[in-house]
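Residue numbers begin at 1 in each chain, while the letters A, B, ... track the order of the sequences. Note that the structure is a prediction, hence the values are computed from the model and not measured.
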There are 4 protein chains.
Amino acid sequence: MIVVIKNNQEEKQVNNLIKWIKSLGLAVNVSKGESSTVLGLIGDTTKVDMELIASLDIVETVKRIQEPFKNVNRKFHPQDTVVDINGCKFGGGFFQVIAGPCSVESEEQIIAIAKAVKAAGATVLRGGAFKPRSSPYSFQGMGGSGLELLFKAREVTGMPIITEIVDVRHIDLFKDVDIIQIGARNMQNFELLKELGRIRKPVLLKRGLAATIEEWLMSAEYIMAGGNAEIILCERGIRTYEPFTRNTLDLSAIPVVRELTHLPVIVDPSHASGLSRLVPPLSLASVGVGCDGLIIEVHNDPMHAKSDGAQSLKPEQFADLMGKIRPLMDIVGKHTF
Amino acid sequence: MIVVIKNNQEEKQVNNLIKWIKSLGLAVNVSKGESSTVLGLIGDTTKVDMELIASLDIVETVKRIQEPFKNVNRKFHPQDTVVDINGCKFGGGFFQVIAGPCSVESEEQIIAIAKAVKAAGATVLRGGAFKPRSSPYSFQGMGGSGLELLFKAREVTGMPIITEIVDVRHIDLFKDVDIIQIGARNMQNFELLKELGRIRKPVLLKRGLAATIEEWLMSAEYIMAGGNAEIILCERGIRTYEPFTRNTLDLSAIPVVRELTHLPVIVDPSHASGLSRLVPPLSLASVGVGCDGLIIEVHNDPMHAKSDGAQSLKPEQFADLMGKIRPLMDIVGKHTF
Amino acid sequence: MIVVIKNNQEEKQVNNLIKWIKSLGLAVNVSKGESSTVLGLIGDTTKVDMELIASLDIVETVKRIQEPFKNVNRKFHPQDTVVDINGCKFGGGFFQVIAGPCSVESEEQIIAIAKAVKAAGATVLRGGAFKPRSSPYSFQGMGGSGLELLFKAREVTGMPIITEIVDVRHIDLFKDVDIIQIGARNMQNFELLKELGRIRKPVLLKRGLAATIEEWLMSAEYIMAGGNAEIILCERGIRTYEPFTRNTLDLSAIPVVRELTHLPVIVDPSHASGLSRLVPPLSLASVGVGCDGLIIEVHNDPMHAKSDGAQSLKPEQFADLMGKIRPLMDIVGKHTF
Amino acid sequence: MIVVIKNNQEEKQVNNLIKWIKSLGLAVNVSKGESSTVLGLIGDTTKVDMELIASLDIVETVKRIQEPFKNVNRKFHPQDTVVDINGCKFGGGFFQVIAGPCSVESEEQIIAIAKAVKAAGATVLRGGAFKPRSSPYSFQGMGGSGLELLFKAREVTGMPIITEIVDVRHIDLFKDVDIIQIGARNMQNFELLKELGRIRKPVLLKRGLAATIEEWLMSAEYIMAGGNAEIILCERGIRTYEPFTRNTLDLSAIPVVRELTHLPVIVDPSHASGLSRLVPPLSLASVGVGCDGLIIEVHNDPMHAKSDGAQSLKPEQFADLMGKIRPLMDIVGKHTF
């Protein structure tokens with residue numbers, strides 16, 4: 001961490017600051033320039049409150065050199081983390097496709113779609129039971145009974161299931177879910193993150209609506225600081241000024257995240273674009289950029305889906321897409337098993 | 001709501017859509033143009049799932065004409081809502097200044113600051129007991145004992161108190177708080193919003209980090225749909241590409257929100273800028289633009305504040321600022337009592 | 001175009017508006033709803049000033065249904081435009097890789113790089129002679145003598161050349177350039193666009209720093225309205241709040257643009273990310289998403305490049321990348337010749 | 001400037017870098033930390049190409065501590081610059097209101113509006129003769145004859161005039177204009193900036209559509225580096241994701257800019273919001289935040305304005321607004337003469 005002192009400050013005040021920094025267990029390297037003095041803080045600055053220092057009258061600016069995250073940092077854990085759900089592996093060259101409807105709507109629906117996406121090559125089944133909706137008047141999901149239907153679909157197809165948690169009071173309800181999803185709107189629901197840090201279960205952590213990569217990784221750090229290292233990150237588009245797509249898929253984030261952390265990172269092209277016809281090209285782009293998997297919305301009857309019909313592929317469209325994804329995986333050196 | 005049908009669609013499919021819309025209790029006005037057919041949906045479209053219609057193959061685009069919010073909509077409730085906390089009123093020409101530290105740190109601290117801000121003219125005391133922090137390694141607040149200290153400060157000064165809730169399981173803990181604050185990161189924590197709709201207690205709803213005005217009002221709609229109409233909105237800056245300030249204070253939102261809703265709306269210049277020296281000019285700008293109050297961070301010792309020291313005014317700076325706010329309130333026709 | 005009239009307006013004023021719209025040669029379909037009257041404007045609304053109508057007191061909102069662009073609109077020109085520079089074709093399944101240094105620096109440099117990128121499979125040579133730099137103190141390019149060196153490099157290698165124009169007074173100077181580039185900062189330099197509409201020469205039009213897709217296509221419309229249809233669009237990243245990459249590459253824009261227009265569209269992964277190590281993954285993503293070409297910065301000595309060294313690939317890195325691009329082109333059905 | 005060296009780099013390469021930096025006339029302070037070596041560059045780093053250094057393999061990151069602008073920097077010129085147009089002064093406590101129509105449309109129109117805004121207290125007349133429009137089909141301004149009408153209006157009213165330049169070839173045409181405006185779309189038209197640096201005439205430099213404060217000041221630096229110090233900055237809203245207003249007025253930028261530079265800075269609330277009814281509250285906010293003037297669109301017949309009718313005040317609305325602006329100016333210590 002670099003602390004730049006304002007010009008012409010009293011020596012005494014600067015020395016007080018240096019003394020205080022040393023009291024935190026850090027060493028300080030002082031460099032006097034023509035128009036400013038620069039303090040270099042040496043040691044583990046992960047836990048230093050950068051804004052506290054910036055608040056001091058004598059400080060012009062504080063710049064972090066080390067990342068504020070530690071457990072998720074690739075520097076301290078160079079090899080890829082592989083998240084393994086009964087042999088279905090994410091990361092370290094393993095690539096999985098998660099597919100299924102936005103919302104679980106009925107036993108027939110979820111089982112039919114599960115069979116169809118499995119036949120096409122998907123290895124994990126998605127389906128929402130509790131839905132965070134921006135309008136209180138929109139369908140809010142089937143709730144607990146939706147979870148039951150997902151368990152049935154797992155029994156029938158053998159696919160592990162992933163579903164979203166929206167309430168910290170539901171942790172127990174989710175104990176038989178294979179991967180617990182934290183949606184974009186809850187990426188900084190820190191109480192929920194803390195609870196998920198306490199359990200031992202894979203978590204899919206979506207990037208927030210307008211979260212920076214650093215904030216996203218800090219949310220992963222919350223979970224990992226609690227002791228749970230089974231985290232899969234998921235890029236799902238960020239908010240920009242461009243109105244044509246619901247969000248702007250930030251594929252540059254994939255190689256950046258892979259540099260910064262050892263955790264696997266997948267892409268959700270369905271929520272990124274909000275338009276089913278953009279899902280195939282964005283899926284191929286995502287494989288090309290080097291992600292560790294995809295999560296794609298598939299519905300057997302999008303015209304009557306209770307949510308997100310606009311962005312759902314039909315099973316046959318999904319199968320077509322899988323046919324293009326496989327040869328591309330070879331080019332970028334990814335494999336499912 | 002306007003539904004634009006793609007060119008050259010089969011009449012039968014268009015008729016099926018019209019039939020389906022009518023089954024929702026709406027009337028449909030069909031207008032055939034040269035290159036598109038337009039359906040005008042007439043009636044209460046608040047509960048229509050716009051994206052469901054947009055998902056249909058034959059639909060080119062759907063445009064909402066009526067706002068998706070109803071209870072908070074000024075069209076259906078033209079006069080200002082006045083939120084009254086024991087005579088301390090927000091809205092309808094009443095203007096209040098909320099002040100206090102970011103975090104409650106000790107009995108001495110909170111009581112000293114409470115007395116100082118009251119003396120300067122503040123009418124509500126703020127103070128965080130549970131703090132949502134982006135890093136798991138930052139100070140997370142004093143918790144329940146922080147609440148106790150706020151109650152003491154209220155007893156001593158007679159000021160109503162406002163403090164932030166971060167966990168839906170804490171509702172009971174907050175039953176003696178005067179105004180419950182929902183922070184920017186929880187603006188779309190819908191389970192929390194639903195719970196706050198069930199209680200009868202004023203809620204301060206901050207705009208999300210990158211929330212649109214419509215999303216913000218939809219979150220207020222969640223609370224009001226539950227039966228709680230005591231809502232104060234709070235603009236606190238939005239995320240933009242500009243790195244100089246922590247957020248970009250969106251003052252255009254104030255007159256826009258006042259047009260769209262009858263709820264009072266205040267401004268938080270401290271979180272918007274992140275820099276205490278920007279708080280006075282932004283406060284004056286906020287009064288000028290016509291908001292119903294301010295929430296300002298004040299700390300008696302910013303250099304040792306446990307959080308947000310960088311953006312806190314000292315009591316004497318706050319008193320100076322109040323001296324400029326009062327004559328400005330006259331110009332824009334606002335009064336405290 | 002849909003014009004929504006405010007509630008409870010005088011019939012006479014509405015009729016005046018309808019009369020005025022008809023005077024523009026459009027038909028009007030009137031649809032009276034419960035809480036608003038909607039006018040549907042039928043005919044060619046491309047030239048209607050939408051904001052003029054929105055300015056009327058009686059109008060609540062105006063929504064465009066037809067795109068405001070006409071010549072570049074795929075609706076009126078369904079087949080792909082193929083821009084052909086002496087057999088080097090962009091669009092219609094043809095895919096080209098443009099490569100070269102950010103700036104032309106010397107004869108040796110540009111010829112060495114030209115040979116190297118040609119050997120690796122590039123078909124067009126890029127090189128800046130006039131450089132738009134955000135600081136007046138940065139290297140501004142070699143100017144006219146840089147153009148001369150590009151002509152030499154073309155003579156030696158047979159590759160067509162592309163270079164950026166920054167001053168409308170330079171049009172004559174650029175008469176022997178094969179493709180004239182309009183950079184992001186000049187996307188809305190309308191006087192320059194008008195001049196390029198008057199000549200007959202391929203133009204590469206980069207998307208502006210924070211331009212919407214619609215604004216980008218309107219800038220292409222300026223050129224095409226002047227009579228020049230030889231336009232290649234180029235996505236180069238947009239400005240967002242994410243600080244890690246210089247810009248956020250908006251790959252969703254590629255399939256969107258291909259839907260909206262018949263013009264070819266390529267991607268510039270070098271300027272999008274600003275970091276050479278992100279260029280290979282973003283290039284593969286771009287091919288996967290279905291663009292018609294790439295423009296990549298290559299420098300034989302990035303450490304001593306006079307500009308943009310940070311984002312330049314070395315020739316051997318570029319050759320490696322080309323080895324991965326070719327099989328991917330097959331998967332998405334693209335070919336160079 | 002701070003250069004952070006990657007971990008475990010060869011001493012020889014680091015020494016080469018240090019030698020190269022010293023060859024630029026700078027001193028280097030080396031600080032070896034646990035996980036990185038930090039170089040502090042001491043001296044005038046304004047002209048150092050930061051990205052060039054960042055491009056080196058051994059460098060992790062480069063952070064600028066000094067601003068990249070020099071002539072416009074308040075550090076080197078602490079007192080306010082006052083731009084004086086025949087006694088009409090901007091900056092140093094002087095506050096002016098510029099008003100007039102978006103476009104000059106006829107002699108009657110511009111003279112009538114000029115008289116009306118002068119009567120209400122405006123001191124400079126605005127009016128566009130050359131209009132940069134996003135559509136080639138929109139009204140492009142009266143051109144040279146529009147300038148003639150502005151000169152007539154100046155003769156009649158005695159008000160100095162401001163009008164926008166859009167083409168570098170028009171410099172001579174503008175020699176009798178009092179203040180030459182550079183619009184948002186031309187903020188980085190560097191060739192135009194260079195030409196305006198060569199003449200001796202006040203320039204109003206609008207902030208670009210999505211320009212950072214630093215980029216904006218660098219554009220002012222272009223003009224001032226050429227020798228012209230008569231620059232007035234103008235904030236006019238930035239592009240964000242919020243669709244309700246055309247732009248988001250960034251009032252935080254005003255105190256920030258006043259800290260960073262000695263140049264006066266005014267606000268354009270008309271273009272910021274795009275809606276005339278938002279102009280009065282945003283104007284009062286702008287005065288409150290401490291700007292040095294306002295530029296407001298006024299039209300005597302907005303319903304028939306050839307451009308920007310939606311955001312124009314009528315003369316009587318403008319007069320009302322001026323009545324509120326004056327007492328507010330007193331509170332913030334501003335005066336017109």
Side-chain angles (χ1 to χ4, degrees), chain A residues 67 207-217 235 237-260 267 269 272-291 323-333, chain C residues 67 207-217 235 237-260 267 269 272-291 323-333:
Chain A
E67 295 85 7
R207 184 175 183 182
L209 289 175
T212 60
I213 291 172
E214 185 175 301
E215 288 169 341
W216 187 18
L217 294 180
E235 158 66 28
I238 60 172
R239 180 155 279 176
T240 69
Y241 65 82
E242 172 59 54
F244 207 99
T245 44
R246 193 194 287 172
N247 298 287
T248 297
L249 185 61
D250 179 12
L251 286 183
S252 318
I254 304 303
V256 169
V257 161
R258 288 178 58 80
E259 265 181 42
L260 295 174
V267 174
S273 64
L275 294 167
S276 62
R277 65 188 189 274
L278 297 188
V279 171
L282 291 178
S283 296
L284 298 182
S286 302
V287 183
V289 93
C291 69
K324 287 179 185 159
I325 286 175
R326 273 183 223 103
L328 222 162
M329 282 168 57
D330 286 344
I331 294 175
V332 294
Chain C
E67 294 86 5
R207 185 177 183 180
L209 289 175
T212 61
I213 291 172
E214 186 175 301
E215 289 169 340
W216 187 17
L217 293 181
E235 158 67 28
I238 59 172
R239 180 155 277 176
T240 70
Y241 65 84
E242 172 59 54
F244 207 98
T245 43
R246 193 195 287 172
N247 299 287
T248 297
L249 185 61
D250 179 11
L251 286 183
S252 317
I254 304 302
V256 169
V257 160
R258 287 178 58 79
E259 265 181 41
L260 296 174
V267 174
S273 64
L275 294 167
S276 62
R277 65 188 189 275
L278 297 188
V279 171
L282 291 178
S283 296
L284 298 182
S286 302
V287 183
V289 93
C291 69
K324 288 179 185 157
I325 285 174
R326 272 183 223 104
L328 222 161
M329 281 168 57
D330 286 344
I331 295 175
V332 295

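- C:Leu260 meets the side chain to side chain contact (heavy atoms under 4.5 Å, CB included) test with A:Phe244, C:Glu67, C:Phe69, C:Ile213, C:Leu217, C:Val256; sequence neighbours excluded.
- For a residue to count as touching a neighbouring chain, one of its non-hydrogen atoms must lie under 4.5 Å from one of that chain's; by this rule C:Val287 does not touch chain A.
- Looking at C:Ala253, neither its backbone nor its side chain comes within 4.5 Å of chain A, counting heavy atoms on both sides.
- Scanning all heavy atoms of the two residues, the minimum distance from A:Glu242 to C:Thr212 falls at OE1-CA, 3.2 Å.
- Residue with the most contacts toward chain A among C:Pro269, C:Ser283, C:Ala211: C:Ala211 (heavy-atom pairs, distance under 4.5 Å).
- Contact tally against chain C (heavy-atom pairs below 4.5 Å) for A:Glu214, A:Glu259, A:Lys324: the top residue is A:Glu259.
- Of the residues considered (A:Gly290, A:Pro327, A:Gly237, A:Pro281), A:Pro281 shows the highest number of contacts with chain C, using heavy-atom pairs under 4.5 Å.
- Interface check for chain C: of the options A:Leu282, A:Asn247, A:Leu249, the most heavy-atom pairs under 4.5 Å are formed by A:Leu282.
- Only the side chain of C:Thr245 has a heavy atom closer than 4.5 Å to any heavy atom of chain A.
- Between A:Arg239 and C:Tyr241, the shortest heavy-atom contact is O-CE2, 3.8 Å.
- The contact between C:Pro243 and chain A is made entirely by side chain atoms (from C-beta outward), counting heavy-atom distances below 4.5 Å.
- A:Leu284 and C:Gly288 make their closest contact through CB-O, 3.5 Å (heavy atoms, listed as atom of the first residue, atom of the second, distance).
- Here CG of A:Asp330 is found 11.5 Å from CG of C:Leu328. Values are rounded to the nearest 0.5 Å.
- In this view, C:Thr240 and C:Thr248 satisfy the side-chain hydrogen bond (donor to acceptor under 3.5 Å, both in side chains) rule, not counting sequence neighbours.
- Looking at A:Leu251, both its backbone and its side chain come within 4.5 Å of chain C, counting heavy atoms on both sides.
- Only the side chain of C:Leu278 has a heavy atom closer than 4.5 Å to any heavy atom of chain A.
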